[in-house]
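Side-chain atoms are counted along with the backbone in the values below, which use heavy atoms only and exclude waters and symmetry mates. Predicted model only: the values in this text are computed from it and were never measured. Chain letters run A, B, ... following the sequence lines, proteins first and then strands; every chain starts at 1.
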Protein chains: 2
Amino acid sequence: MKHKIALAGCGNVGTALLEILHEKKKELKDKYAFEYEVVLIRDLMKGTIMNDLGLDMGTVLGELHERNSFGAFEQASGPLGELLKRSGATVLAECTPTNLKTGEPGLSHIRDALAAGINVTTTNKGPLAVAFDELTAAAERNGVKFLYEGVVMSGTPIIDMVKNGMAGCSVLGVEGILNGTTNFILTKMTDGATYHEALAEATELGYAEADPSGDVEGWDAAVKVVILAKILFGQSIQVKDVARLGITQITPQQIASASKNGNVMKLIAGIDFDTFGIHPYVMPREIEASHPLAQVGGAVNAITVKTDNLGEVTLTGPGAGRRETGQALLSDMIRMSR
Amino acid sequence: MKHKIALAGCGNVGTALLEILHEKKKELKDKYAFEYEVVLIRDLMKGTIMNDLGLDMGTVLGELHERNSFGAFEQASGPLGELLKRSGATVLAECTPTNLKTGEPGLSHIRDALAAGINVTTTNKGPLAVAFDELTAAAERNGVKFLYEGVVMSGTPIIDMVKNGMAGCSVLGVEGILNGTTNFILTKMTDGATYHEALAEATELGYAEADPSGDVEGWDAAVKVVILAKILFGQSIQVKDVARLGITQITPQQIASASKNGNVMKLIAGIDFDTFGIHPYVMPREIEASHPLAQVGGAVNAITVKTDNLGEVTLTGPGAGRRETGQALLSDMIRMSR
């Protein structure tokens with residue numbers, strides 16, 4: 001049975017997914033019995049193309065690499081829900097830009113796909129932060145799969161690990177470095193740079209955006225904490241419930257003082273759990289050199305999960321690059337297919 | 001549908017599994033829709049008890065804790081294959097002692113269970129080191145599940161992570177600290193102890209056995225490399241194919257020299273992969289302080305997997321204790337039930 005893949009959003013992540021799928025077409029069939037066609041690609045800027053028998057991915061990728069547009073092809077038009085039906089899609093990969101307040105347009109895309117009985121994989125944090133319960137209930141009601149490995153730690157499979165790898169373990173708390181940009185900056189500051197020097201380098205390397213506040217004020221990490229609170233503890237909270245402080249006020253003196261104490265300054269995203277409930281936070285913290293997260297440097301992510309049966313388990317992986325996030329979508333699709 | 005669990009081998013690991021199952025009975029039902037009865041427990045020393053309607057686990061655990069024996073109960077007898085049929089078991093948890101040469105008695109237990117159409121989970125390295133291909137083929141032929149999360153890194157789910165969490169990624173190499181005993185010893189030596197002082201402390205703490213050679217000569221790690229070679233690279237090798245050197249010849253001078261170079265001495269179990277094929281090894285190596293495994297100290301395990309889509313991913317967890325290994329069996333059973 002061939003999977004018919006629809007892609008909403010063909011930016012860096014969407015393009016990376018298409019590249020990986022194309023590159024690995026034979027391997028996916030041989031190793032995972034995963035056969036597919038891409039039947040729909042919808043992008044606000046690049047255009048919308050559809051072929052219910054399967055788009056010619058060699059040609060599509062050629063156009064993407066040459067002109068970064070689908071303008072050379074005949075366009076399909078209409079609302080996504082309608083296009084999904086006409087294309088015969090069996091799975092939607094939703095990777096439109098994240099809007100943390102409204103979740104749109106991703107939220108509507110996912111609602112439409114689930115309502116149409118189409119499986120969904122997404123790396124888009126907005127819809128999950130805003131409507132997790134509604135979407136998971138809709139998936140269950142319609143008997144379809146809804147996976148979102150990429151929303152925390154990108155393709156490094158922390159979500160699958162907690163839900164499946166560690167099935168039977170109870171989670172007692174979690175601490176993570178969930179934003180690669182701020183970890184890069186703090187690593188550079190630990191090596192002697194000022195905040196502004198480190199931010200400038202992060203921007204140059206593409207780790208920080210023109211407006212870096214989403215990262216440096218801890219918003220990105222806070223959204224991930226909201227999602228983890230749901231996945232790990234079953235609790236529905238909002239970003240405003242996360243005690244949040246970013247890294248913009250950290251001084252070189254604080255960094256030097258931490259080093260002198262044998263500690264490391266990190267922006268920790270975590271959830272403590274006690275008899276009063278969960279305590280979600282994103283805070284700069286001076287952690288001991290022996291802490292599992294202390295040596296995690298650069299634009300990477302790491303998470304330490306505290307459990308009953310396994311004590312502390314730590315997973316470290318790359319930051320959210322294009323290929324890593326394409327991998328998250330691919331692994332979701334393979335898992336759905338089993 | 002209630003899972004009917006048979007346990008072969010009721011030593012530390014088997015007992016831990018029974019304790020976790022009993023403790024979490026309600027949670028397993030509520031959280032994982034996993035309902036069970038224990039229908040058969042077979043232990044060479046303690047005795048064999050069976051009840052196709054389900055043993056009274058409160059009473060069984062009481063006897064285990066008080067007398068460490070099932071002598072007070074009516075005994076069941078016969079070959080395991082026959083007992084499995086009479087008990088109506090749907091899954092066998094195989095945790096008899098490991099024999100790395102013959103794989104017995106675990107190998108026969110697993111063969112009998114798979115042939116009888118019973119799912120199998122095991123933490124027993126011997127059968128996998130000796131007959132991996134035969135057993136996985138038998139499972140497939142009989143349409144049953146055969147899982148073995150606990151054989152590498154105990155309950156820390158590296159096997160599930162590579163097979164499922166990272167589905168779609170290609171593995172390009174692996175390096176690990178797969179034996180907690182030797183890592184404990186080397187950590188103590190890095191802190192100034194001699195090899196013999198560190199070994200004595202390891203023995204006292206129960207990390208090392210009376211005859212520690214399985215750990216300190218690298219045999220335990222080498223068997224895990226054999227299993228990883230199969231799981232990660234699909235290659236069937238034997239323990240003798242692993243270039244193996246233990247830690248018995250490491251001197252305090254070498255340790256001190258490593259520290260002076262800013263490096264750490266670790267017993268690394270790994271598989272390199274190039275155009276000539278795979279290169280499996282267990283070797284003491286001086287690794288840089290920035291290496292993901294350098295700061296992993298004590299009786300713990302860690303593994304760094306090098307991949308195409310995710311670069312390096314590192315998973316760190318506790319060493320193979322009783323509860324951790326019970327967790328491996330439990331998570332396998334939950335995964336089988338889905």
Measure the spacing between CG of A:Leu315 and OG1 of B:Thr156 and express it to the nearest 0.5 Å. 11.0 Å
Derivation and outcome, side-chain contact (heavy atoms from CB on, under 4.5 Å), residues B:Asn164 and A:Asp160: CA-CA 8 Å; B:Asn164 297 315; A:Asp160 187 67; 4.1 Å; yes
A:Tyr32 side chain to B:Gly168 main-chain N or O, any donor-acceptor pair under 3.5 Å? yes
Looking only at B:Ser331, B:Ser290, B:Gly317, most heavy-atom pairs under 4.5 Å shared with chain A are made by B:Ser331
Does one side chain, of B:Ser170 or A:Lys31, offer a donor that lies under 3.5 Å from an acceptor on the other? no
For chain B, the option from A:Lys24, A:Glu324, A:Glu27 that forms the most heavy-atom pairs under 4.5 Å: A:Lys24
Heavy-atom pairs under 4.5 Å with chain B: which of A:Val313, A:Asn309, A:Thr316 has the most? A:Asn309
pair B:Glu312-A:Pro318: side-chain heavy atoms closer than 4.5 Å: no
Rounding to 0.5 Å, atoms CD (A:Gln327) and CG (B:Leu310) come to a distance of 4.5 Å
Any idea which heavy atoms bring B:Lys163 and A:Arg338 closest together, and the distance? O-NH1, 3.5 Å
Does A:Lys25 have more than 12 heavy atoms from other residues, nucleotides or ligands lying within 6.0 Å of its NZ? yes
What is the minimum heavy-atom distance between B:Pro157 and A:Gly165, and which atoms define it? CB-O, 3.4 Å
Interchain contact, A:Gln295 with chain B, by part (heavy-atom threshold 4.5 Å): side chain
Please check if the number of heavy atoms outside A:Glu140 that lie under 6.0 Å from its CD is greater than 12. no
What distance separates B:Arg323 CZ from A:Thr307 OG1, expressed to the nearest 0.5 Å? 9.0 Å
Portion of A:Asp332 that has a non-hydrogen atom of chain B nearer than 4.5 angstrom: neither
For atom CD of A:Glu23, decide whether the heavy atoms of other residues, nucleotides or ligands shown that lie under 6.0 angstrom number more than 12. yes
Atom pair SG/CD1 of A:Cys169 and B:Ile334 - distance to nearest 0.5 Å: 9.0 Å
